[in-house]
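Below you'll find the structure, written out as structure tokens, and then a few comments.
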Amino acid sequence: SVANVGFFFLMRRCGPRLGVSVLVLQAIGVLYFLLSGQGETDTVPAKITPDPLGVHASSRAPAQQEPPMAAQHYLSGDAVIAGLAREQRKFAFAEVPEATAWLAGFPLDASGQYRIAYNTVVASATAREQPSGGEQELVLMTQGTVEHLVHLHRTAQHWAGPISVAVFVPGDVVWAHTAVSQLLRCSEPLRQWATLHLVYLNQPGRYTAATHPAQAAAVWNALLATTTSGSACATLLHGPGELLEQRQRTRSAVSPSLSKTNLALAENMLPGPGNNNNNNAASKNYALGVSYPNNLLRNTARRGALQQPHSQTSARYFFMVDIDMCPPPGLRTAFLQRIASHPPPASPPGKAYVVPAFELRENEPFPKSKAEMLLALSTGACQPFYKDLCWKCQRHTDYERWTARGSDSTGSYGVTWKDPWEPFYIAKDDATTPFYDERFQQYGFNRISQVCELHIAGFEFEVLDWAFIVHDGFKVPGKFHASKEQEQEQNRLLFRQFKQELKAKYPGVSRRCY
């Protein structure tokens with residue numbers, strides 16, 4: 001620097017005493033400059049820490065900072081928003097560090113291919129309302145990429161309880177962190193109930209500033225500028241259709257300075273599923289240029305929930321769903337009341353409480369009760385999940401029986417597992433319930449492999465005749481990514497191997513997965 005050059009010049013011309021005196025004065029000046037806060041810039045963080053959302057962009061803690069969870073740089077959703085307000089959204093594309101030491105600070109998965117940042121954002125309700133040891137809890141768990149998180153706004157409203165979410169960030173890390181922050185800013189239910197665990201590829205070179213063109217940054221920053229008002233947030237959270245219009249408006253506002261290539265990139269960076277049918281949106285998880293680790297993400301959501309206050313309850317249950325599925329209001333409360341009055345056996349085998357899944361046609365009102373669901377089924381607004389895509393994968397739920405029991409039923413009925421049934425279910429989150437096999441990636445056999453093991457392990461399946469969950473949009477054949485069939489065949493071979501391994505894992509068991 002100029003100061004250092006001057007120091008050596010004085011040492012040479014005027015002797016060491018004067019040179020040292022100047023150095024001391026220089027150090028005092030720099031110290032004053034830093035302590036007064038004038039040394040902060042808008043582009044380079046003063047200290048790089050394992051802080052994915054950039055709340056701690058400066059080593060100097062802002063006033064009224066909420067304490068990090070577990071002595072780490074993880075904050076509640078409310079603290080993220082407060083931090084963004086204080087820092088005036090300084091965490092922008094220019095701040096991404098070329099050095100990626102922050103990535104190495106997170107633990108590796110078993111394969112060594114991924115880094116996992118557990119509890120990156122902690123739900124404010126979970127962090128502040130620690131239940132007593134005598135209570136029971138039901139945690140909703142899901143996984144996806146950042147652009148799918150918009151689905152969770154309504155889910156958090158309906159669930160009104162802890163949600164554990166694993167978020168895969170295969171690239172565009174600054175956009176991902178900014179998008180998460182913006183969604184938290186707009187959605188109070190998300191801040192209150194959702195705890196996020198971010199999963200990165202263990203490839204530091206993917207997360208450098210070079211992966212974020214300034215042109216795309218301009219589009220995203222323009223969107224941020226439009227989502228500070230209540231009406232703009234309502235547009236962002238309302239749904240994919242409205243979001244498409246906002247994408248177009250934002251893109252048009254900056255399009256004169258963008259090339260066609262950068263426009264396409266920028267559009268892909270904006271959050272939101274893309275359309276209510278959601279088949280194309282779902283396939284994005286499988287068309288990322290890297291393998292989508294769905295079962296690792298499911299296990300991450302489950303393991304991350306174990307670190308939360310509700311894990312101290314006497315009995316904890318989990319409900320693993322796809323991110324574009326939403327429960328009706330009151331399901332969590334009704335299940336906990338049922339368990340309190342009809343507790344499951346204390347000893348194995350375990351029990352899986354099946355929640356029938358349905359698809360909701362686009363632009364139809366959400367059915368908030370079984371009576372409304374029965375009406376939607378009668379009008380064709382809803383249909384059983386996978387009815388047109390893989391009916392044999394869901395029909396053993398016995399939808400006819402569920403429907404025939406009427407809207408006033410509060411009971412359940414037993415169902416024998418048959419291949420290839422892969423229901424969505426609630427189960428105890430303890431050692432008796434197996435985790436998902438993380439070798440299954442991309443499309444095919446990732447859920448059924450775990451349900452198959454439940455069956456082999458002796459679990460009984462009981463369908464809740466009053467409960468249901470709703471997928472956003474009808475599943476339509478032919479609208480998946482190009483490599484779907486190839487991936488399904490590869491996973492079919494892995495599933496055959498998996499079933500052979502179960503014979504060794506559960507010796508003497510007569511049950512089989514066929």
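In this text, all values refer to a predicted model and were calculated from it rather than measured experimentally.
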Checklist line | Salt-bridge present (Lys351, Glu462; N to O < 4.0 Å) | finding: yes
Item checked: Salt bridge Asp437-Arg298, side-chain N to carboxylate O under 4.0 Å -> no
Next item on the list: Drop me the distance from Leu296's CG to Ser291's OG, to the nearest 0.5 angstrom.
Entry: 12.0 Å
Next item on the list: Determine the minimum heavy-atom distance between Trp466 and Thr410, stating which atoms define it.
Entry: CD1-C, 3.5 Å
Note to self: For the CD atom of Gln157 and the CG atom of Leu190, what is their distance to the nearest 0.5 Å?
What the structure shows: 9.0 Å
Notebook entry, point to check: Between Asp472 and Asp324, is there a donor-acceptor pair closer than 3.5 Å when you use the side chain of the first and the backbone of the second?
Noted result: no
Check: Hey, is the main chain of Tyr200 close enough, under 3.5 Å, to the side chain of Arg115 for a donor-acceptor pair?
Finding: no
Check: If you round to the nearest 0.5 Å, how far is CG of Leu306 from CZ of Arg316?
Finding: 4.5 Å
Notebook entry, point to check: Is the distance between the ring centroids of Phe461 and His396 under 6.0 Å?
Noted result: no
Check: Is any side-chain heavy atom of Arg447 closer than 4.5 Å to a side-chain heavy atom of Ser449?
Finding: no
Notebook entry, point to check: Does NZ in Lys499 sit with more than 12 non-hydrogen atoms of other residues, nucleotides or ligands closer than 6.0 Å?
Noted result: yes
Next item on the list: Could you tell me whether the side chain of His197 and the main chain of Ala117 form a donor-acceptor pair under 3.5 Å?
Entry: no
Next item on the list: Working to the nearest 0.5 Å, report the span between CG of Leu464 and CZ of Arg338.
Entry: 6.0 Å
Notebook entry, point to check: For Trp417 and Cys452, which heavy atoms make the closest approach, and how far apart are they?
Noted result: CZ2-CA, 4.4 Å
Notebook entry, point to check: side chain to side chain contact (heavy atoms under 4.5 Å, CB included) between Val476 and Asp388: does it pass, once the steps are laid out?
Noted result: CA-CA 6 Å; Val476 180; Asp388 298 326; 6.0 Å; no
Item checked: Nearest non-hydrogen partners of Pro356 and Ala467, listed with the distance -> CD-O, 3.4 Å
Notebook entry, point to check: Ignoring hydrogens and geometry, is there a side-chain-to-backbone donor-acceptor pair from Ser164 to Met141 under 3.5 Å?
Noted result: no
Next item on the list: Find out whether the Lys NZ or Arg CZ of Arg302 is both under 6.0 angstrom from the six-membered ring centre of Phe318 and within 45° of the ring's axis.
Entry: yes
Item checked: Phe168 CZ to Thr145 OG1 distance, which is reported to the nearest 0.5 Å -> 9.0 Å
Next item on the list: Identify whether the distance between the nearest side-chain nitrogen and carboxylate oxygen of Arg332 and Glu137 falls below 4.0 Å.
Entry: yes
Notebook entry, point to check: Would Thr397 and Trp421 count as having a side-chain donor-acceptor pair, cut-off 3.5 Å?
Noted result: yes
Notebook entry, point to check: Under a 4.5 Å cut-off applied to non-hydrogen side-chain atoms, are Leu198 and Val121 in contact?
Noted result: no
Check: Do side-chain atoms of Gln113 reach the backbone of Leu201 as a donor and acceptor pair under 3.5 angstrom?
Finding: no
Check: Taking it one step at a time, do Val451 and Phe459 satisfy side chain to side chain contact (heavy atoms under 4.5 Å, CB included)?
Finding: CA-CA 9 Å; Val451 177; Phe459 272 66; over 6 Å; no
Notebook entry, point to check: Parallel, tilted or perpendicular: which fits the ring planes of Trp402 and Phe358, with parallel below 30° and perpendicular above 60°?
Noted result: tilted
Notebook entry, point to check: Near Glu188 CD, under 6.0 Å, is it more than 12 heavy atoms from other residues, nucleotides or ligands?
Noted result: no
Notebook entry, point to check: Can the positive tip of Arg405 be found less than 6.0 Å from the middle of the six-membered ring of Tyr413, inside 45° of the ring normal?
Noted result: no
Margin query: Test your reading of the model: is there a side-chain donor-acceptor pair from Lys370 to the backbone of Gly406, 3.5 Å cut-off?
Written below: yes
Note to self: Whether the Gln450 and Asn295 side chains hold a donor-acceptor pair (N or O, under 3.5 Å, no angle test) is what I'd like checked.
What the structure shows: no
Check: Would a 4.5 Å heavy-atom cut-off, applied to side chains only, mark Leu152 and Trp193 as touching?
Finding: no
Next item on the list: Check whether any side-chain heavy atom of Gln337 lies under 4.5 Å from a side-chain heavy atom of Thr333, and answer yes or no.
Entry: yes
Check: Taking the side chain from Arg361 and the backbone from Phe474, do they hold a donor-acceptor pair closer than 3.5 Å?
Finding: no
Check: Would a 4.5 Å heavy-atom cut-off, applied to side chains only, mark His151 and Cys326 as touching?
Finding: no
Notebook entry, point to check: Quick one: does Thr379's side chain have a donor or acceptor within less than 3.5 Å of a partner on Ala376's backbone?
Noted result: yes
Item checked: Phe424 vs Phe385, ring pair (Phe, Tyr, Trp, His ring centres under 6.0 Å): CA-CA, chis, key distance, verdict -> CA-CA 10 Å; Phe424 295 91; Phe385 188 66; 5.6 Å; yes
Next item on the list: For Asp429 and Val139, run side chain to side chain contact (heavy atoms under 4.5 Å, CB included): C-alpha distance rounded to whole Å, both residues' side-chain angles, the deciding distance at 0.1 Å, then the answer.
Entry: CA-CA 9 Å; Asp429 196 1; Val139 183; over 6 Å; no
Next item on the list: Would you indicate whether the side-chain heavy atoms of Leu377 and Tyr399 approach each other to under 4.5 Å?
Entry: no
Margin query: Within the structure provided, determine whether Pro367 and Val470 are in side-chain contact (heavy-atom separation under 4.5 Å).
Written below: yes
Check: Taking the side chain from His471 and the backbone from Gly473, do they hold a donor-acceptor pair closer than 3.5 Å?
Finding: yes
Check: Just checking, Arg303 and Phe435: is the charged tip under 6.0 Å from the six-membered ring centre and within 45° of the axis?
Finding: yes
Check: Closest heavy-atom contact between Cys393 and Tyr386?
Finding: CB-CD2, 4.3 Å
Next item on the list: Please lay out, stage by stage, how Glu364 and Cys382 fare under the test side chain to side chain contact (heavy atoms under 4.5 Å, CB included).
Entry: CA-CA 9 Å; Glu364 294 287 348; Cys382 278; over 6 Å; no
Check: Any idea how Phe498 and Phe495 line up, ring-wise: parallel (<30°), tilted (30 to 60°), or perpendicular (>60°)?
Finding: parallel
Check: Do Tyr292 and Pro170 come close enough that some side-chain heavy atom pair is under 4.5 Å?
Finding: no
Check: Counting distance only, does the side-chain N/O of Thr195 pair as donor-acceptor with the main-chain N or O of Asn119 below 3.5 Å?
Finding: no
Next item on the list: Measure the spacing between CG of Asn299 and CG of Asp109 and express it to the nearest 0.5 Å.
Entry: 10.5 Å
Item checked: Exercise: identify the closest heavy-atom pair between Ile469 and Val321 -> CD1-CG1, 3.3 Å
Check: How far apart are the closest heavy atoms of Cys513 and Ile456, and which atoms are they?
Finding: SG-CG1, 3.7 Å
